[in-house]
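A, B, ... follow the sequence lines: proteins, then strands. Residue 1 opens every chain. Keep in mind that the numbers below use all heavy atoms, side chains included, and drop hydrogens, waters and symmetry copies.
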Amino acid sequence: KAGVTQTPRYLIKTRGQQVTLSCSPISGHRSVSWYQQTPGQGLQFLFEYFSETQRNKGNFPGRFSGRQFSNSRSEMNVSTLELGDSALYLCASSRALGAAQGTQYFGPGTRLLVL
Amino acid sequence: GESVGLHLPTLSVQEGDNSIINCAYSNSASDYFIWYKQESGKGPQFIIDIRSNMDKRQGQRVTVLLNKTVKHLSLQITATQPGDSAVYFCAESYSGNTPLVFGKGTRLSVIA
């Protein structure tokens, strides 16, 4: 069974640009969560999608957004990039909504560098 | 708000010894806990999880212990191997559909 896949794996952007990251969950998983990982802040929750609807949102500015498609694939977008957005962006999928309802399995992440 | 913290940022152990990685949580309402292992350049890998109605759960070479009285979680790795070298994260969640809150991580280094 294929795991969570994320594309692209690496990305370099400049300040002010926008970026779209993609995540394909494990087959049969309907929930997709996004996290930002930085050395200083660790793993921080961005948002969770289930059945094409955002169900939970972390404490990030509105520049961070996402969506989920009918096949459960998800994208996240960051507009007006800032240097501080440089991070590893991780996607995790699970069968059900909410961390306690089903184990979350992570993808390899997309490493974003903002110059 | 809730928070999850780790007692030790780094841990070095001899190959073959047992490892114990500790984690403290602050939200007594948390009812689900999970450990992940993250190797360099990879995403977190699920190790083991436990719910608040249990005190102990065992997997292959790993055991998670939950002490709700002192809000403490630990991961025990038996016969630590070089391949166990990684950063280990604990995370917690509470109520039905809330997201995971992660600790900062502990780096485990296995000395051959």
Side-chain angles (χ1 to χ4, degrees), chain A residues 1 3-7 9-10 21 23-26 29-51 53-60 66 87-111, chain B residues 1-10 23-25 27-54 57 59 62 64 66 68 73 86-107:
Chain A
K1 194 174 192 180
V4 178
T5 58
Q6 293 186 244
T7 56
R9 293 293 311 279
Y10 304 93
L21 312 181
C23 171
S24 292
I26 293 171
H29 285 194
R30 298 171 61 193
S31 173
V32 173
S33 297
W34 289 89
Y35 295 84
Q36 182 195 65
Q37 186 176 28
T38 60
Q41 298 299 318
L43 271 156
Q44 292 186 292
F45 172 76
L46 280 158
F47 26 66
E48 179 177 14
Y49 285 86
F50 183 82
S51 294
T53 303
Q54 187 180 94
R55 304 302 182 114
N56 286 302
K57 189 177 190 305
N59 188 27
F60 279 82
L88 180 68
Y89 289 89
L90 292 158
C91 166
S93 77
S94 63
R95 291 189 180 279
L97 173 65
Q101 306 310 312
T103 304
Q104 290 190 3
Y105 295 92
F106 282 83
T110 294
R111 185 161 298 279
Chain B
E2 69 282 358
S3 66
V4 178
L6 291 165
H7 293 309
L8 297 174
T10 60
C23 176
Y25 63 94
N27 189 344
S28 57
S30 291
D31 55 9
Y32 177 74
F33 306 87
I34 188 167
W35 284 97
Y36 286 95
K37 168 188 179 183
Q38 187 174 25
E39 298 174 276
S40 180
K42 298 182 179 180
Q45 176 188 352
F46 168 75
I47 300 173
I48 193 168
D49 58 1
I50 188 169
R51 297 189 181 277
S52 59
N53 60 351
M54 301 174 69
R57 192 174 187 203
V62 295
V64 55
L66 176 62
K68 295 180 287 292
L73 191 67
V87 176
Y88 290 79
F89 294 95
C90 64
E92 64 173 326
S93 178
Y94 64 100
S95 81
N97 60 357
T98 55
L100 288 173
V101 176
F102 280 83
K104 293 297 185 184
T106 292
R107 180 173 299 280

(message) Please classify the contact of A:Leu43 with chain B as side chain, backbone, both or neither, using a heavy-atom distance under 4.5 Å.
(response) both
(message) Counting only heavy atoms from other residues, nucleotides and ligands, does the tally under 6.0 Å from CG of A:Asn59 exceed 12?
(response) no
(request) Decide yes or no for B:Tyr32 and A:Thr103: does some side-chain heavy atom of the first lie under 4.5 Å from some side-chain heavy atom of the second? (result) yes
(message) With a 6.0 Å cut-off (strictly less than), is the heavy-atom count around CZ of A:Arg55, excluding the residue itself, greater than 12?
(response) yes
(request) Working to the nearest 0.5 Å, report the span between CZ of A:Phe106 and NZ of B:Lys42. (result) 15.5 Å
(message) Taking side chain as everything from C-beta outward and backbone as N, CA, C, O, which of these in B:Leu100 sits under 4.5 Å from a heavy atom of chain A? Side chain, backbone, both or neither.
(response) both
(request) Can you tell which part of A:Arg9 gets under 4.5 Å to a heavy atom of chain B, answering side chain, backbone, both or neither? (result) side chain
(request) Measure distances from A:Phe50 to the heavy atoms of chain B and classify the residue's part below 4.5 Å as side chain, backbone, both or neither. (result) neither
(message) Under 4.5 Å from any heavy atom of chain B, what part of A:Gln104 do you find: side chain, backbone, both or neither?
(response) both
(request) Would you indicate whether the side-chain heavy atoms of A:Leu88 and B:Gln38 approach each other to under 4.5 Å? (result) yes
(request) Counting only heavy atoms closer than 4.5 Å, note whether B:Tyr36 contacts chain A via side chain, backbone, both or neither. (result) side chain
(request) Show your working on ring pair (Phe, Tyr, Trp, His ring centres under 6.0 Å) between B:Phe102 and A:Tyr35 and close with a plain yes or no. (result) CA-CA 10 Å; B:Phe102 280 83; A:Tyr35 295 84; 5.5 Å; yes
(message) Please check: side-chain N/O of B:Lys104 versus main-chain N/O of A:Gln41, any donor-acceptor pairing under 3.5 Å?
(response) yes
